[in-house]
Amino acid sequence: MLVGIIARAHGLRGELSVDVRTDSPEERFAEGSVLRARRRGARDSVLTVESSRPHSGRLLVRFREAPDRTAAEELRGVQLLIPLAELAAPADPEEFHVHQLEGLRAELADGTVIGSVREVVLGPAGDLLAIVREGRPDALVPFVSEIVPTVDLAGGRVVVAPPEGLLDLDTA
């Protein structure tokens with residue numbers, strides 16, 4: 001599961017600015033945590049957290065494997081992941097892990113299928129479900145209970161109650 005994306009090197013000592021993609025950054029980026037590093041077109045490797053601290057809406061993280069700025073620059077764009085087996089089930093029944101939602105069928109209350117959840121877009125103003133629709137651009141649906149009143153993991157679906165016009169917007 002994705003927990004962060006390395007944005008860029010910060011300073012001269014190998015710190016990296018990381019866009020956080022987890023609700024538990026203090027746990028995932030704790031000293032000694034081992035993360036899988038994934039870069040397109042390359043084999044996965046591992047990175048061990050040496051330290052982390054908040055900075056301007058991101059985390060600044062040092063990894064043992066990147067002791068200086070030169071090594072840190074090589075990590076730009078790397079996705080940081082943890083194995084799904086390390087995730088505990090959310091205590092709140094209204095909370096879900098991103099991987100649980102991806103691939104679910106998206107339908108209206110009457111059962112009309114509108115597509116499937118491609119991904120959950122995490123944003124500062126709230127999360128969005130990117131719904132793939134056949135023959136149309138993806139729809140971005142705010143992931144709030146008023147618009148997505150039902151998440152049925154066992155049934156493999158989410159029910160969407162869109163405000164008028166939301167699904168008519170063709171966004172590219």
Side-chain angles (χ1 to χ4, degrees), residues 1-106 115-133 137-143 148 151 153-154 156 158 171-172:
M1 182 175 108
L2 181 68
V3 296
I5 300 171
I6 297 175
R8 60 182 178 82
H10 179 85
L12 301 174
R13 301 170 125 194
E15 279 188 310
L16 291 148
S17 179
V18 174
D19 289 323
V20 176
R21 298 290 191 261
T22 176
D23 289 339
S24 309
E26 63 286 339
E27 179 182 346
R28 302 294 174 219
F29 294 95
E31 182 180 344
S33 294
V34 177
L35 302 171
R36 178 170 286 130
R38 179 166 292 161
R39 181 188 323 243
R40 194 173 304 216
R43 294 184 77 144
D44 286 1
S45 60
V46 296
L47 293 172
T48 308
V49 176
E50 191 169 280
S51 66
S52 66
R53 62 187 174 98
H55 178 75
S56 299
R58 291 181 170 163
L59 274 184
L60 291 182
V61 181
R62 286 192 58 158
F63 295 103
R64 288 187 189 133
E65 296 79 4
D68 57 32
R69 183 175 181 96
T70 302
E73 286 287 349
E74 295 294 318
L75 296 174
R76 181 185 295 248
V78 165
Q79 294 181 337
L80 303 170
L81 306 127
I82 60 167
L84 294 178
E86 290 185 18
L87 294 176
D92 183 347
E94 296 295 314
E95 288 185 19
F96 306 95
H97 292 300
V98 168
H99 74 275
Q100 293 176 297
L101 301 171
E102 292 172 344
L104 293 180
R105 184 178 64 255
S116 64
V117 178
R118 177 176 48 86
E119 71 175 309
V120 178
V121 180
L122 306 174
D127 301 338
L128 301 167
L129 298 181
I131 298 177
V132 176
R133 302 180 296 170
D138 291 359
L140 294 176
V141 175
F143 189 42
V148 184
V151 176
L153 295 178
V158 293
T171 57

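Reckoned from all heavy atoms, side chains included, excluding hydrogens, waters and symmetry mates. Fair warning: this is a prediction, and the values are worked out from it, not measured in the lab.
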Handout entry: For Leu2 against Gly4, the heavy-atom pair lying closest together
Key = CD1-O, 3.3 Å

Problem - For Ala7 against Asp19, the heavy-atom pair lying closest together - result: CB-OD2, 4.0 Å

Handout entry: side chain to side chain contact (heavy atoms under 4.5 Å, CB included) evaluation trace for Leu47 with Ile6
Key = CA-CA 12 Å; Leu47 293 172; Ile6 297 175; 4.3 Å; yes

Problem - Check: Arg13 main-chain N/O paired with Arg62 side-chain donor or acceptor under 3.5 Å - result: yes

Handout entry: Main-chain N/O of Ala9 paired with Glu73 side-chain donor or acceptor, under 3.5 Å
Key = no

Handout entry: Distance (rounded to the nearest 0.5 Å) between Leu101 CG and Arg118 CZ
Key = 14.0 Å

Problem - CZ on Arg64 to OG on Ser51, rounded to 0.5 Å - result: 10.0 Å

Problem - Smallest separation among heavy atoms of Ala130 and Val121, with atom names - result: CB-CG2, 4.3 Å

Practice task
Flag yes if more than 12 heavy atoms outside Arg36 fall under 6.0 Å of its CZ atom; otherwise flag no.
Solution key: no

Problem - Inter-residue atom distance Arg38.CZ - Leu81.CG, 0.5 Å rounding - result: 5.0 Å

Problem - Minimum heavy-atom distance between Leu140 and Pro142, given as atom pair plus value - result: O-CD, 3.9 Å

Handout entry: Reported CG-to-CD1 distance for the pair Leu75 and Ile5, which is rounded to 0.5 angstrom
Key = 14.0 Å

Handout entry: Euclidean distance, Leu59 CG relative to His10 NE2, rounded to 0.5 Å
Key = 12.0 Å

Exercise for the section: For the pair Arg8 (side chain) and Arg76 (backbone), establish whether a donor and an acceptor sit closer than 3.5 Å, ignoring hydrogens and angles. Expected result: no

Exercise for the section: Can you see which heavy atom on Ser17 is nearest to which on Arg58, and at what distance? Expected result: OG-CD, 2.9 Å

Problem - Close side-chain approach of Leu80 to Phe63, heavy-atom, < 4.5 Å - result: yes

Problem - Least distance between heavy atoms, Ser52 atom then Val61 atom - result: CB-CG2, 3.9 Å

Practice task
Could you tell me whether the side chain of Arg28 and the main chain of Arg21 form a donor-acceptor pair under 3.5 Å?
Solution key: no

Problem - Min side-chain heavy-atom separation Leu129-Val120 under 4.5 Å - result: yes

